[in-house]
Amino acid sequence: MSAPKLKAPRGTFDILGEQALAREALEARAGALLGAAGYERIETPVFESTDLFARGVGESTDIVSKEMFSFEDGSGRSYTLRPEGTAPTCRAYIEHGMHKRRQPVKLWYLSSFFRRERPQDGRYREFWQVGAEAIGSADPAVDAESITLLATLLTQMGVREVRLRLSSLGSPEARGEYRERLQAYLRANEEALSAEVRARIDLNPLRAFDTDHPGTREVMKSAPLLLDHLEQDDLEHFAEVRGMLDDAGLLYEVDPTLVRGLDYYTRTLFEFTSDALGAQSGVAGGGRYDRLVEQLGGPATPGMGWAAGIERILLAGEAQHFAPAPIELFVALGEDGEAARRAAFALLVEARSAGLAAQMELGGRSLKGQLGQASALGARYVAIVGAGETALRDMQGGGQQTVPRDTVVHAVLRSHHEI
RNA sequence: GUGGGCGUAGCUCAGUCGGUAGAGCUCCUGGUUGUGGUCCAGGCGGUCGGGGGUUCGAGUCCCCUCGCUCACCCCA
């Protein structure tokens with residue numbers, strides 16, 4: 001019996017080649033954009049106490065109730081592979097006493113997250129998100145800045161057919177009150193609702209707005225809307241955020257039925273989708289979470305943030321070709337044997353010390369094969385090293401001459417500067 | 001988690017009525033008594049996702065399973 005073939009686990013993938021280069025480019029863009037806006041990079045542990053997500057994200061959410069990869073260490077403690085980035089970031093904010101720093105504290109991350117969902121294109125069990133969190137200020141300008149930065153990032157990444165939907169959830173109190181009102185309304189019309197919606201009346205009545213079920217849709221047409229039940233200061237906050245987005249020239253659609261599957265959101269809530277994607281059309285989402293830090297045991301501290309899916313940005317982005325940077329010198333072996341190989345290696349080391357992007361033949365190829373290799377690497381020059389002689393070949397002009405080996409690096413550097 | 005489609009070399013795929021596998025690309029070698037991106041020739045490479053079953057015989061039919069994918073769901 002032979003061992004079964006080893007494969008990457010379901011819903012996971014290796015990142016190679018052009019994918020790796022595309023992601024590097026995205027990370028560089030995000031770093032430049034967010035760094036210039038005062039966001040500091042943060043990386044939190046891949047796993048955290050299960051309790052962090054249970055308390056932060058919410059027990060009744062899909063994420064916590066059925067999608068977490070949890071495990072116990074030897075001592076009976078329960079840990080969970082992070083399913084999202086906001087709760088860990090807030091945990092770090094509290095743990096490092098960041099409320100003592102100048103507020104708001106702005107943090108960004110690019111990391112992988114884990115949810116046990118059924119995979120399909122654009123939805124993976126290990127997926128990557130770039131996220132930004134601004135913690136410590138309730139100023140509506142924080143919301144507007146945060147959303148604007150995200151819009152800029154998506155534009156820079158060439159994400160096609162983007163739409164922004166915006167809403168406000170208000171305070172937890174108003175939301176709670178509204179929630180009860182909505183539940184009462186749903187119960188009063190229960191017989192017309194779909195089974196799934198009916199089953200979720202207690203857990204998450206807001207879901208009822210997100211349905212294709214005809215009967216439910218009919219009922220929801222005249223259902224009470226959260227936006228009509230917000231408190232005055234929440235309405236003002238929302239209006240101010242909208243005003244600033246208008247001034248920034250951002251197009252958006254106010255959608256009072258917008259729902260997020262995480263419990264911590266308050267006030268501003270938004271989602272970017274791309275019609276270039278299939279069912280997994282959400283590219284980025286976020287909002288304000290003014291009670292989360294306190295809920296996790298820190299001082300009462302408002303927060304605002306978002307996360308964008310790397311795979312979805314790339315899927316919805318304009319097709320771009322990435323190629324590794326060409327090298328400047330390829331050191332080929334002009335003859336077999338240790339003497340030539342050692343001379344070649346010494347030249348390689350010398351070239352790199354001089355700052356050249358250089359590679360040498362490592363594959364045992366014929367000279368024809370070596371030149372093909374050099375060509376594929378985009379090498380400008382090839383040094384063909386023998387135990388005695390060394391030839392320097394210009395791969396663009398095609399010229400070649402025998403030169404003293406210790407002048408090769410100098411010659412390449414000089415032509416490099418002339419270009 | 002539910003339902004549908006698909007799963008043959010590293011990649012893209014062909015495989016007729018069941019008769020134990022092919023092409024192109026890639027890679028390597030040769031044509032050039034060692035000198036690249038074209039061309040020509042050759043070569044490496046597959047327990048046909050995995051496991052059972054039917055059959056004299058299964059890549060082809062049946063069942064199970066794993067994976068991908070589409071929709072639902074959910075979300076980034």
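Order of the sequence lines sets the chain letters (A, B, ...), proteins ahead of strands, with each chain counted from 1.
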_Rounding to an integer number of angstrom, what distance separates U16(B) and U60(B) when you compare their P atoms?_
11 Å
*Using purine N1 to pyrimidine N3 plus N6-O4 or O6-N4 for Watson-Crick, or N1-O2 and O6-N3 for G-U wobble, both under 3.5 Å, which nucleotide pairs with C28(B)?*
G42(B)
_If you assign A8(A) and G285(A) each to the RNA chain B nucleotide with the nearest heavy atom, which residue ends up on the more 5' nucleotide?_
A8(A)
*Would K106(A) and E133(A) pass as an ion pair if we require N to O under 4.0 Å?*
no
*Would you say R10(A) reaches C68(B)'s phosphate, i.e. side-chain N/O to OP1/OP2 under 4.0 Å?*
yes
_Walk me through whether E177(A) and R179(A) qualify under salt bridge (Lys or Arg N to Asp or Glu O under 4.0 Å)._
CA-CA 5 Å; E177(A) 217 170 277; R179(A) 184 188 161 100; over 6 Å; no
*Report yes if a side-chain nitrogen or oxygen of R116(A) is closer than 4.0 Å to either non-bridging phosphate oxygen (OP1 or OP2) of G1(B); otherwise report no.*
yes
*Which class fits the ring pair Y79(A) and F71(A): parallel under 30°, tilted 30 to 60°, perpendicular over 60°?*
tilted
*Aromatic ring centroids of F330(A) and Y381(A) under 6.0 Å?*
no
*Touch check for F13(A), heavy atoms < 4.0 angstrom, all strands: base, sugar-phosphate only, or nothing?*
nothing
*Rounded P spacing from G15(B) to C68(B) in Å*: 26 Å
_Whole angstroms only, please: what is the CG-P distance between D121(A) and A71(B)?_
9 Å
*Between R165(A) and E271(A), is the closest basic N to carboxylate O distance under 4.0 Å?*
yes
_Less than 4.0 angstrom from a charged side-chain N to a carboxylate O is my criterion; do E218(A) and K221(A) meet it?_
yes
*So what does E335(A) touch, heavy atoms closer than 4.0 Å: a base, only the sugar-phosphate, or nothing?*
base
*A76(B), C74(B), C68(B): which one has an atom nearest the side-chain heavy atoms of P119(A)?*
C68(B)
*Tell me: CD of Q370(A) to P of C28(B), nearest whole Å?*
11 Å
_Counterpart base for A58(B), defined by Watson-Crick or G-U wobble contacts under 3.5 Å_ = none
*Paired with A71(B): which nucleotide, if any, by Watson-Crick or G-U wobble criteria at under 3.5 Å for both distances?*
U2(B)
_Gap in Å between the two P atoms, one belonging to C44(B) and one to U54(B), rounded_ = 37 Å
*What is the nucleic acid contact for A279(A), judged by heavy atoms within less than 4.0 Å: base, sugar-phosphate only, or nothing?*
base
*Pi-cation contact, F113(A) with R82(A) (under 6.0 Å, within 45°)*: yes
*H229(A) vs Y178(A) aromatic rings, parallel, tilted or perpendicular, using cut-offs 30° and 60°?*
tilted
*Sort out the partner of G7(B) for me: Watson-Crick or G-U wobble, both distances under 3.5 Å, none otherwise.*
C66(B)
*By nearest nucleotide on RNA chain B, pick out whichever of E311(A) and P9(A) is the more 5' one.*
P9(A)
*Looking at G36(B), A71(B), G34(B), which one has an atom nearest to any side-chain atom of Q120(A)?*
A71(B)
*Whole angstrom is fine here: how far is it from CG in D62(A) over to P in U2(B)?*
15 Å
*State whether R10(A) and E117(A) are salt-bridged, where the test is any N-O pair (Lys NZ or Arg NE/NH1/NH2 against Asp/Glu carboxylate O) under 4.0 Å.*
no
_Atom-pair distance (CZ on R125(A); P on U69(B)), nearest Å_ = 12 Å
*Nearest-Å distance, CZ (F113(A)) to P (C75(B))?*
16 Å
*Who is the Watson-Crick or G-U wobble partner of A76(B), with both distances under 3.5 Å?*
none
*Heavy atoms under 4.0 Å, any strand shown: does I384(A) hit a base, just sugar-phosphate, or nothing?*
base
Close N/O contacts between protein and nucleotides 3-8 of chain B (under 3.5 Å):
{"unit_1": "G3(B)", "atom_1": "O6", "unit_2": "R118(A)", "atom_2": "NH2", "d": "2.9"}

*Can you tell me how far P in A41(B) sits from the matching atom in C25(B), rounded to whole Å?*
10 Å
_Under-4.0 Å side-chain N/O to phosphate OP1/OP2 contact, R365(A) with C28(B)_ = yes
*asked:* Can you identify which nucleotide, out of C74(B), C70(B), G36(B), has its nearest atom closest to the E117(A) side chain?
replied: C74(B)
_Atom P, compared across U55(B) and C17(B): separation rounded to whole Å_ = 22 Å
*Base, sugar-phosphate, or nothing for G122(A), non-hydrogen atoms under 4.0 angstrom?*
base
*Across all strands, who's sitting opposite U16(B) as a Watson-Crick or G-U wobble pair, both distances under 3.5 Å?*
none
*asked:* Say we look at G49(B) and U8(B): how far apart would their P atoms be, to the nearest angstrom?
replied: 6 Å
*Using a 4.0 Å heavy-atom cut-off across all strands, classify R312(A) as base, sugar-phosphate, or nothing.*
base
_Spacing between L258(A) atom CG and A76(B) atom C1', to the nearest angstrom_ = 14 Å
*Could you give the CG-to-C1' distance, from L367(A) to U29(B), as a whole number of Å?*
14 Å
*asked:* Suppose you measure atom C1' in A9(B) against the same atom in C70(B); what distance do you get, rounded to whole Å?
replied: 27 Å
*asked:* Just N and O in the side chain of S366(A): are any of them under 4.0 Å from OP1 or OP2 of G30(B)?
replied: yes
*Q373(A) CD - C28(B) C1' separation (whole Å)*: 12 Å
_Presence of salt bridge, R23(A) and E27(A), under 4.0 angstrom_ = no
*Report yes or no: is there a donor-acceptor pair, N or O only, under 3.5 Å between the side chain of R123(A) and the base of C74(B)?*
yes
*Determine, for F238(A) and R242(A), whether the Lys NZ or Arg CZ falls below 6.0 Å from the six-membered ring centre while staying within 45 degrees of the axis.*
yes
*For Q280(A) and C74(B), is the shortest distance between a side-chain N/O and OP1 or OP2 below 4.0 Å?*
no
*Say you pick atom P in G22(B) and the same atom in G45(B); how far apart are they, in whole Å?*
14 Å
_Categorize G334(A) for me: base, sugar-phosphate, or nothing, with a 4.0 angstrom heavy-atom threshold over every strand shown._
base
